[in-house]
Protein chains: 2
Amino acid sequence: MPEDFNIEALDDVIHGRLRLGIMAYLSTAGSADFTTLKAKTQSSDGNLSVQVRKLEEAGYVTVEKTFAGKKPLTTITLSESGRKAFVAYLEAMRKLIDDST
Amino acid sequence: MPEDFNIEALDDVIHGRLRLGIMAYLSTAGSADFTTLKAKTQSSDGNLSVQVRKLEEAGYVTVEKTFAGKKPLTTITLSESGRKAFVAYLEAMRKLIDDST
DNA sequence: ATAAAGAACTTTACAAAATAAAGTACTTCA
DNA sequence: TGAAGTACTTTATTTTGTAAAGTTCTTTAT
């Protein structure tokens, strides 16, 4: 029985579907440009833009804008605090899974 | 790299915060009455009522209304299809965790 | 006997989030 | 040079989640 499963342990910023995908990808890749992230998460430009902004506002990623030749290049990088938050999220989720199986 | 992490593998009906808590509890308890579920998930009456209805509409739980003495008693039970869906959710989540750590 | 309080919900209203559509500012190709 | 494409952002719409209010009864106190 997941007696001690605290629903509040699941960070809402991370729990969002697309944001979870972004964090999962960045957790191993470290950083990625906008286009790659869009492909990996199979999301639309608009949605990705919005969700990356939210992660940025939470301090979980940093966003750097440069140019690759003539084209704009946005690079999203997982921050230290983002990594910590993601690890905590995974820990809470793992506990839920263990307790449920 | 969670190359194969398919964000769509995460069943949206289950992914919702409170619904996830309900499913997690029911996955081990099998069934519970409204009041118990409310206490275990620390939710409000209104929210619980709404989310249970959604799980019911998805066919993941069955809801039976009886009386305990004079008081109404609503019993929520995990269905076979609900268990399957939850297992699939856990499997997708486990894969995400494994790939991310 | 009856009013006040409480239990067990449901319904409706409101707020937040996700998605989709449209817009901007270029660049490249024909 | 103009049509299509890239790399985004902003705004609008839809969906979802939460909170507030309402309903129907029961229990307790007077």
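Labels below follow one simple rule: chain letters A, B, ... track the order of the sequence lines, proteins then strands, and each chain is numbered from 1.
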*asked:* Does dG5(D) have OP1 or OP2 under 4.0 Å away from a side-chain N or O of Lys70(A)?
replied: no
Identify the two heavy atoms, one from [X] and one from [Y], that lie closest to each other, and give their separation to 0.1 Å.
X        : Y        : answer
Thr41(B) : Ile22(B) : CG2-N, 4.1 Å
Gly59(B) : Ser81(B) : O-OG, 3.4 Å
Leu37(B) : Ala32(B) : CD1-CB, 4.2 Å

*asked:* Taking the side chain as everything from C-beta on, heavy atoms only, tell me whether Glu56(B) gets closer than 4.5 Å to Thr62(B).
replied: no
*Side chains of Arg17(A) and Asp12(B): does their closest heavy-atom pair fall under 4.5 Å?*
yes
Select base, sugar-phosphate, or nothing to describe what [X] touches, counting heavy atoms under 4.0 Å on all strands.
X        : value
Leu73(B) : sugar-phosphate
Lys65(B) : sugar-phosphate
Thr35(A) : sugar-phosphate
Thr74(B) : sugar-phosphate

*Indicate the ring-plane relationship of His15(A) and Tyr89(A), choosing parallel, tilted or perpendicular according to the 30° and 60° boundaries.*
tilted
*Treat each ILVMFWY residue as a node, draw an edge where side-chain heavy atoms are under 4.5 Å apart, and state whether Val50(A) and Val61(A) are in one component.*
no
Dump every N/O contact between nucleotides 17-20 of chain D and the protein below 3.5 Å, one line per pair.
{"unit_1": "dG17(D)", "atom_1": "OP1", "unit_2": "Arg19(B)", "atom_2": "NH2", "d": "3.2"}
{"unit_1": "dG17(D)", "atom_1": "OP2", "unit_2": "Arg19(B)", "atom_2": "NH1", "d": "2.4"}
{"unit_1": "dG17(D)", "atom_1": "OP2", "unit_2": "Arg19(B)", "atom_2": "NH2", "d": "3.1"}
{"unit_1": "dT18(D)", "atom_1": "OP2", "unit_2": "Asn47(B)", "atom_2": "ND2", "d": "3.1"}

*Taking 5' to 3' order, which nucleotide of DNA chain C is first and which is last to have an atom within less than 4.0 Å of a heavy atom in chain B?*
dA7(C) to dT11(C)
*5'-most by nearest nucleotide on DNA chain D - Arg53(A) or Lys71(A)*: Lys71(A)
_Under a 4.0 Å threshold between the charged nitrogen and the carboxylate oxygen, would Lys54(B) count as salt-bridged to Glu57(B)?_
no
